[in-house]
Visitor: 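Pasting a structure here, questions to come.
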Number of protein chains: 2
Amino acid sequence: MTDEKTQIKQNFIEGLSGISSFWGFPKGMGAIFAVLYISPAPLSLDELVEQTGLTKGAISTNVRSLARMGLIRPVTRLGDRKDYYEAETDFYKSIRAILKERQNSEFDQAVASVRETLSKLESGQGAFAPAERAFLTERVRALSDFFSALDSLTSAISRLDGLGIGTIQTVLKILK
Amino acid sequence: MTDEKTQIKQNFIEGLSGISSFWGFPKGMGAIFAVLYISPAPLSLDELVEQTGLTKGAISTNVRSLARMGLIRPVTRLGDRKDYYEAETDFYKSIRAILKERQNSEFDQAVASVRETLSKLESGQGAFAPAERAFLTERVRALSDFFSALDSLTSAISRLDGLGIGTIQTVLKILK
DNA sequence: TAGAACGTTTAGTTGTTACTAAACAAAGTA
DNA sequence: TACTTTGTTTAGTAACAACTAAACGTTCTA
């Protein structure tokens with residue numbers, strides 16, 4: 001492979017690595033996905049080792065995460081004991097999977113604790129003076145509403161599915 | 001302050017701390033914001049030290065980040081050398097500020113490098129075989145389009161502004 | 001001018017995370 | 001059975017991020 005080809009691909013791989021780490025995932029995960037994404041054929045674990053420079057162990061764990069999130073798919077070939085992997089190309093599908101993955105996690109738990117605070121305030125718990133209770137209730141409720149709105153938005157994204165950019169553009173127009 | 005009151009507030013503070021760290025910010029930042037958010041009056045740095053348990057240094061740096069992101073506002077009192085801070089209560093405003101902050105950062109840079117890859121492929125750089133070039137171009141373009149869509153969505157969020165939940169609900173209905 | 005009140009900066013500590021290297025397990029093949 | 005091929009798990013490492021404690025620089029006040 002010529003130097004220029006390698007460099008173009010390398011640049012792409014590094015770009016996805018950066019995006020990955022930006023969103024709080026390991027840089028290696030981004031690299032693995034990138035390599036698979038620009039590969040015409042599914043790759044084995046050893047091919048991934050070769051093309052990413054990571055070790056088998058790292059590939060093994062990152063590949064598992066990627067598969068769990070639906071960003072890549074395992075491909076098994078009959079009579080071949082190796083595992084192969086290919087990238088998922090429907091990003092909306094992937095996003096839905098990622099959001100689902102992240103749900104039920106610390107985030108939802110944290111949001112729940114805010115809601116809990118609200119209901120305690122509303123049900124009269126705690127020896128708050130009337131004015132203080134009113135103040136706190138209003139603030140915490142506003143925050144809780146805000147989380148609800150965010151929730152709606154993320155589930156909207158989940159539903160974008162195969163609709164693609166056209167739909168999003170439409171939505172944007174509606175939002176003026 | 002009675003134990004129950006303290007506990008309710010503490011629960012709220014811990015909730016926001018969790019949310020903060022979930023989104024990749026220091027836990028302390030969430031705690032500081034939480035304390036300010038449920039305070040009827042602006043608080044000084046020392047009051048924040050007292051109520052969060054963090055040290056002055058930590059408060060100092062975190063408060064600066066929060067202010068830069070527009071999540072809190074400095075309040076100066078005439079004839080008082082202390083700095084006071086109050087929470088921003090318009091979350092949509094805050095989100096817009098945060099997105100703006102995060103932009104021009106690693107993320108945009110990374111996305112740019114993907115776009116760069118695309119334009120190199122399209123302009124015929126690199127000694128790719130025709131079929132390989134077509135394949136790569138298609139894949140990288142799909143990814144680039146996807147980022148554009150995400151971009152549109154985030155700027156849509158920015159624009160939600162004071163519209164609130166009602167608008168979002170409307171959008172959701174349109175998305176079916 | 002000395003000292004106090006504040007906020008910032010710095011050095012050092014702690015905890016976390018993604019990784020490597022290597023041991024290990026499982027399953028096929030000679 | 002022994003050996004090979006494959007993937008997983010574990011122990012250790014290096015880098016990093018958030019924090020504490022304390023030194024520091026300013027600005028106000030006596």
Side-chain angles (χ1 to χ4, degrees), chain A residues 13-14 16-36 42-69 71-86 102 105-106, chain B residues 13-14 16-36 42-69 71-86 102 105-106:
Chain A
I13 292 169
E14 276 159 21
L16 282 202
S17 298
I19 288 168
S20 178
S21 86
F22 179 83
W23 289 108
F25 301 104
K27 231 175 43 172
M29 264 183 58
I32 292 170
F33 178 82
V35 166
L36 290 176
L43 298 178
S44 72
L45 198 144
D46 279 323
E47 288 166 321
L48 284 170
V49 167
E50 184 194 346
Q51 297 207 28
T52 60
L54 300 177
T55 56
K56 260 200 316 177
I59 302 274
S60 175
T61 61
N62 279 323
V63 145
R64 206 183 317 147
S65 303
L66 282 166
R68 185 159 31 86
M69 295 196 301
L71 278 164
I72 68 175
R73 246 192 314 266
V75 178
T76 49
R77 286 176 180 162
L78 293 172
D80 189 340
R81 201 146 59 81
K82 284 203 194 81
D83 296 343
Y84 294 86
Y85 296 93
E86 69 184 3
R102 286 212 160 174
S105 71
E106 316 118 61
Chain B
I13 293 169
E14 277 158 20
L16 281 203
S17 299
I19 288 167
S20 178
S21 85
F22 179 83
W23 289 108
F25 301 104
K27 230 175 45 172
M29 265 182 56
I32 292 170
F33 178 83
V35 165
L36 289 175
L43 298 177
S44 71
L45 198 144
D46 280 323
E47 288 166 321
L48 284 171
V49 167
E50 185 195 345
Q51 296 206 29
T52 61
L54 301 175
T55 56
K56 260 199 315 178
I59 302 274
S60 176
T61 60
N62 279 323
V63 145
R64 205 183 317 146
S65 304
L66 281 167
R68 185 160 31 87
M69 294 195 302
L71 278 164
I72 67 174
R73 247 191 315 264
V75 178
T76 49
R77 286 175 180 160
L78 293 172
D80 189 339
R81 200 146 57 82
K82 283 204 195 81
D83 296 342
Y84 294 86
Y85 296 93
E86 68 183 5
R102 287 213 159 174
S105 72
E106 318 118 59

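Residue numbers start from 1 in every chain, and the chains themselves are labelled A, B, ... in the order their sequence lines are given, proteins ahead of strands. Just so it is clear, the values below take in all heavy atoms, side chains as well, and ignore hydrogens, waters and symmetry mates.
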Visitor: Using atom types as modelled and distance alone, determine if a side-chain donor or acceptor of Ser20(B) lies under 3.5 Å from a backbone N or O of Leu16(B).
Guide: no

Visitor: Could you please name the option among dT9(C), dG7(C), dC19(C) that lies closest to any side-chain atom of Arg64(B)?
Guide: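 Nearest to the side chain of Arg64(B) among the choices is dT9(C).
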
Visitor: CG of Asp46(B) versus C1' of dT8(C): gap in Å, rounded?
Guide: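 That distance rounds to 13 Å.
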
Visitor: Expressed as a whole number of angstroms, how long is the span from Asp80(A):CG to dA27(C):C1'?
Guide: 14 Å

Visitor: Ignoring backbone atoms, establish whether Ser60(B) has a side-chain N or O less than 4.0 Å from OP1 or OP2 of dT8(C).
Guide: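 Yes, Ser60(B) has a side-chain N/O under 4.0 Å of OP1/OP2 on dT8(C).
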
Visitor: Closest heavy-atom contact between Ile72(B) and Phe33(B)?
Guide: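 Shortest heavy-atom separation between Ile72(B) and Phe33(B) comes out as CG2-CD1, 3.9 Å.
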
Visitor: For residues Leu54(B) and Leu48(B), determine if any side-chain heavy atom of one lies less than 4.5 Å from a side-chain heavy atom of the other.
Guide: no

Visitor: Round to a whole Å and report the spacing from NZ of Lys27(A) to C1' of dC19(C).
Guide: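 In whole Å, dC19(C) C1' lies 11 Å from Lys27(A) NZ.
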
Visitor: Pick base, sugar-phosphate or nothing for Gly53(A), based on heavy-atom distances below 4.0 Å to the nucleic acid.
Guide: sugar-phosphate

Visitor: Within the structure shown, what part of the strands sits under 4.0 Å from Ile59(A) by heavy-atom distance: base, sugar-phosphate, or nothing?
Guide: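 Result for Ile59(A) = nothing.
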
Visitor: Judged by each residue's nearest nucleotide on DNA chain D, which is more toward the 5′ side, Tyr84(A) or Arg81(B)?
Guide: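 It is Tyr84(A) whose nearest nucleotide is closer to the 5' end.
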
Visitor: Take the protein atom CH2 of Trp23(A) and the nucleotide atom P of dA18(C), then report the distance between them rounded to whole Å.
Guide: 17 Å

Visitor: Taking for each residue the nucleotide of DNA chain D with the nearest heavy atom, is it Asn62(B) or Lys56(B) whose nucleotide lies nearer the 5' end?
Guide: Asn62(B)

Visitor: Earliest and latest nucleotide of DNA chain D, 5' to 3', sitting under 4.0 Å from a non-hydrogen atom of chain A?
Guide: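 Nucleotide range with atoms under 4.0 Å of chain A: dT5(D) to dT9(D).
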
Visitor: On DNA chain C, check which nucleotide each of Ala58(B) and Met29(A) is closest to and give me the residue with the more 5' one.
Guide: Ala58(B)

